[in-house]
Amino acid sequence: MRLATWNVNSLKARLERVEAWLSAASPDVLCLQETKMADDAFPALALGALGYEGVHHGQGRWNGVAILSRIGITDVVHGFADGGPPDDEARLLTARCGTAVVVTAYAPNGRAVGHEQFHYKLAWFERLAAHLDAVADPSEEVVVCGDLNIAPEDRDVWDVEAIHGATHITDEERARFQRLLDWGLVDAFRRCYPDDDRLFTWWDYRAGNFHKHKGMRIDHVLVSEPLAERLSWSLVDRNARKGTGPSDHAPLLIEVEPEAVPA
DNA sequence: ATGGTAGAGCATCTA
């Protein structure tokens, strides 16, 4: 199974690039974040023409997440299944694709440490942990992916001193990321590149940061052990961040070998 | 120089 996650920063503005990328990269599952559209604007026909079924959880101007799959989509859950009230913001979508439970997430940015939105971010990760308990078990095939808006380590940031005191790198946020790993998930990209620093998935549009390689690794694919033990490779497609009209995020892919079938 | 760009939608808000 080939699975990818991509914060597209508006699916409407990025549809042609998404279509071209699907054809070139040929993922079985593509999780999207920041679609910035309402459910009735989701381009199901255009994506269906490429062989992908899609489910979308949106609200209009902001946020919005989707799962595209050519290996089936069932058991769709919009938002949190933790028993709490509905989230005001469309940031979470869960579905079964083939044999895997796939959770796609667009975590809150946090804006500034101590800001109301920062507390919302921390609480949002608490709910995500409870959501995982409700929809999946780490002994099965589970993928939690998306723009988590956390750089797990200092080496996942271009210059940690330059953003000292900012969001994405605080101990509180990193503890929430670690909690996902403790639940039974493996950071697939880091497992493939244990010794490489400054490999990023996002670069600010401003000040030519992409070309200066000033970015962060804030998009992640976390997989349960049954998938991690069959993980073949992972990569960030930086070419998709180039050219005219890119998202500020690059797609992140993983490839998992098929489960061995006894002869 | 406390900046810069992009998207939604038409004044700002969010990132």
Side-chain angles (χ1 to χ4, degrees), chain A residues 5-21 31-43 46-47 56-66 79 87-93 104-125 128 145-152 156-170 172-174 176-177 200-220 236-252:
Chain A
T5 182
W6 193 6
N7 178 324
V8 290
N9 186 21
S10 169
L11 181 54
K12 184 183 176 192
R14 222 67 64 201
L15 182 57
E16 283 189 25
R17 287 184 83 113
V18 170
E19 289 173 321
W21 192 82
C31 296
L32 301 174
Q33 300 87 38
E34 276 206 273
T35 60
K36 291 184 171 177
M37 61 174 47
D39 289 333
D40 60 11
F42 183 71
L47 297 168
H56 183 253
H57 180 50
Q59 62 184 88
R61 299 183 68 170
W62 293 308
N63 309 312
V65 286
D87 193 350
D88 289 337
E89 305 186 5
R91 297 182 173 278
L92 191 69
L93 188 58
T104 187
Y106 174 48
N109 173 283
R111 294 195 198 169
V113 176
H115 191 283
E116 180 184 357
Q117 284 294 317
F118 185 74
H119 298 298
Y120 168 64
K121 181 178 191 174
L122 298 180
W124 193 91
F125 275 98
L128 178 58
C145 69
D147 177 2
L148 300 186
N149 269 318
I150 297 173
D156 297 316
V157 177
W158 82 96
D159 182 353
V160 75
E161 290 305 317
I163 60 167
H164 181 74
T167 59
H168 297 64
I169 59 170
T170 67
E172 294 106 308
E173 290 161 288
R174 287 173 172 173
R176 296 330 189 262
F177 184 87
F200 307 139
T201 64
W202 167 87
W203 302 259
D204 198 306
Y205 282 122
R206 296 170 288 188
N209 276 8
F210 178 72
H211 301 285
K212 298 174 189 167
H213 198 54
K214 291 181 169 184
M216 290 198 277
R217 190 171 75 91
I218 55 176
D219 302 85
H220 304 287
V236 175
D237 183 7
R238 281 202 302 276
N239 285 327
R241 178 64 176 76
K242 299 176 182 174
T244 304
S247 170
D248 46 352
H249 296 250
L252 169 62

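Below, each value reflects all heavy atoms present in this structure, side chains not excepted, and no hydrogens, waters or symmetry copies. Below, read A as the first sequence line, B as the second, and so on, with proteins coming before strands; counting in each chain starts at 1.
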Tell me: [atom1] of [X] to [atom2] of [N], nearest whole Å?
X: A/Met216; N: B/dA15; atom1: CE; atom2: P; answer: 13 Å
X: A/Met37; N: B/dG9; atom1: CE; atom2: P; answer: 10 Å
X: A/Asp219; N: B/dA15; atom1: CG; atom2: P; answer: 14 Å
X: A/Asn9; N: B/dA8; atom1: CG; atom2: P; answer: 8 Å
X: A/Trp62; N: B/dG9; atom1: CH2; atom2: C1'; answer: 10 Å
X: A/Asn149; N: B/dA15; atom1: CG; atom2: P; answer: 8 Å
X: A/Arg17; N: B/dA6; atom1: CZ; atom2: P; answer: 12 Å
X: A/Lys242; N: B/dA6; atom1: NZ; atom2: C1'; answer: 20 Å

Nearest-angstrom distance, [atom1] atom, [N] to [M]:
N: B/dT2; M: B/dG7; atom1: C1'; answer: 24 Å
N: B/dA11; M: B/dA1; atom1: P; answer: 34 Å
N: B/dT5; M: B/dG9; atom1: P; answer: 22 Å
N: B/dG4; M: B/dA15; atom1: C1'; answer: 13 Å

Upstream residue (5' side of DNA chain B) when A/Ala207 and A/Ala13 are each assigned their closest nucleotide | A/Ala207

Taking for each residue the nucleotide of DNA chain B bearing the nearest heavy atom, is the 5' side occupied by A/Asp204 or by A/Asp248?
-> A/Asp204

Does A/Arg174 have any salt bridge (charged side-chain N to carboxylate O under 4.0 Å, His left out) partners at least two apart in sequence or in another chain, and if so, which?
-> A/Asp154

For the side chain of [X], starting at C-beta, report the closest nucleotide among [options].
X: A/Ser10; options: B/dA6, B/dG7, B/dG9; answer: B/dG7
X: A/Arg91; options: B/dA15, B/dG7, B/dG9; answer: B/dA15
X: A/Tyr205; options: B/dG4, B/dA6, B/dG9; answer: B/dA6

Using a 4.0 Å heavy-atom cut-off across all strands, classify A/Arg241 as base, sugar-phosphate, or nothing.
-> nothing

Contact class for A/Tyr106 vs. all strands (heavy atom < 4.0 Å): base, sugar-phosphate, or nothing?
-> sugar-phosphate

Nearest atoms (heavy-atom pairs only) where A/Glu172 meets A/Arg176 | O-NH1, 3.0 Å

Minimum heavy-atom distance A/Gln33-A/Thr104, with the two atoms named = NE2-OG1, 2.9 Å

Ring geometry between A/Trp203 and A/Phe210 (parallel below 30°, tilted from 30 to 60°, perpendicular above 60°) = perpendicular

Taking only N and O in the side chain of A/Arg14, is any of them less than 4.0 Å away from OP1 or OP2 of B/dA6?
-> no

Close residues, residues 108-116 of chain A, relative to DNA chain B [heavy-atom separation under 4.0 Å] = A/Asn109, A/Arg111

Option among A/Asn9, A/Asp219, A/Thr5 that satisfies the side-chain hydrogen bond (donor to acceptor under 3.5 Å, both in side chains) test with A/His249 = A/Asp219

Which of A/His168, A/Arg217, A/His220 passes side-chain hydrogen bond (donor to acceptor under 3.5 Å, both in side chains) with A/Asp156? It is A/Arg217

Of A/Trp62, A/Tyr120, A/Tyr106, which meets side-chain contact (heavy atoms from CB on, under 4.5 Å) against A/Glu89?
-> A/Tyr120

Residues which pass side chain to side chain contact (heavy atoms under 4.5 Å, CB included) with A/Asp204, listed by chain and number, not counting sequence neighbours = A/Trp202, A/Arg206, A/Asn209

